[in-house]
Amino acid sequence: MTVKAIERIGNHIRIIDQTKLPGEIVYRDLDDYHEIITAIRRLEVRGAPAIGIAAAYGLAVAAMQTGAEDFGSIRRLGEEIKAARPTAVNLFWAIDRVVKR
């Protein structure tokens, strides 16, 4: 059995709500980038790599939802996501890397 802590499915992401562990495995489908920000903030996504992945996916979802195509708009969305966990190094690294691309 393969368990994925986070994965992108179409235009949303699915996470394991880590606040429910170890008692139960609860998957959450996050369709809106604000939900992704909230999940990061509430520690539903834990661990440096998972936080970075959630942030990168969150930026992709945000750009699709808002229609952001220019560098300035994508950078602003990235800053909004960074504010979810200001001390998470991997979150900042992932957002900065995606914005540069």
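What you see is a predicted model; the values in this text were computed from it and never measured. These numbers come from the heavy atoms of this one structure, side chains and all, not from hydrogens, waters or symmetry mates.
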If you look at every heavy atom in [X] and [Y], which pair is closest and at what distance?
X	Y	value
R8	G10	NE-O, 2.9 Å
G58	I36	CA-CD1, 3.7 Å
A48	N90	O-CB, 3.2 Å
A62	Y33	CB-CG, 3.4 Å
N11	V61	O-CG2, 3.9 Å
A94	G52	CB-O, 3.2 Å

Inter-residue atom distance [X].[atom1] - [Y].[atom2], 0.5 Å rounding:
X	Y	atom1	atom2	answer
I51	I40	CD1	CD1	7.5 Å
L21	I16	CG	CD1	6.5 Å
Q65	H12	CD	NE2	12.0 Å
E79	I95	CD	CD1	8.5 Å
I81	R41	CD1	CZ	11.0 Å
I37	R85	CD1	CZ	12.5 Å

Q | salt bridge (Lys or Arg N to Asp or Glu O under 4.0 Å) involving E80 - partner list, sequence neighbours excluded | A |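 Checked E80 against salt bridge (Lys or Arg N to Asp or Glu O under 4.0 Å); zero matches.
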Should [X] and [Y] count as side-chain neighbours, where that means a heavy-atom distance under 4.5 Å?
X	Y	value
L91	K82	yes
Y27	D17	no
L30	Y57	no

**Q.** Of all pairs that satisfy salt bridge (Lys or Arg N to Asp or Glu O under 4.0 Å), the ones with a partner from residues 60-76, not counting sequence neighbours
**A.**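 Applying salt bridge (Lys or Arg N to Asp or Glu O under 4.0 Å) to every pair that reaches into residues 60-76, excluding sequence neighbours, yields nothing.
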**Q.** Sequence neighbours excluded - salt bridge (Lys or Arg N to Asp or Glu O under 4.0 Å) pairs with any residue from residues 22-33
**A.**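 Checked against salt bridge (Lys or Arg N to Asp or Glu O under 4.0 Å) - neighbours excluded - the pairs reaching residues 22-33 are R14-D29, R28-E44.
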Q. For the side chain of R97 and the backbone of V99, is there at least one donor-acceptor N/O pair under 3.5 Å apart?
A.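 No; judged by distance alone, with no hydrogens or angles, the pair does not exist.
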Q | Verify same cluster id: L59, F71 (apolar side-chain graph, 4.5 Å) | A |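 Yes; tracing contacts between hydrophobic side chains, which count when under 4.5 Å, links both residues.
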Q. Can you get from I74 to W93 by hopping between Ile, Leu, Val, Met, Phe, Trp and Tyr side chains that sit under 4.5 Å apart?
A.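 Looking at the clustering, W93 is in a separate group from I74.
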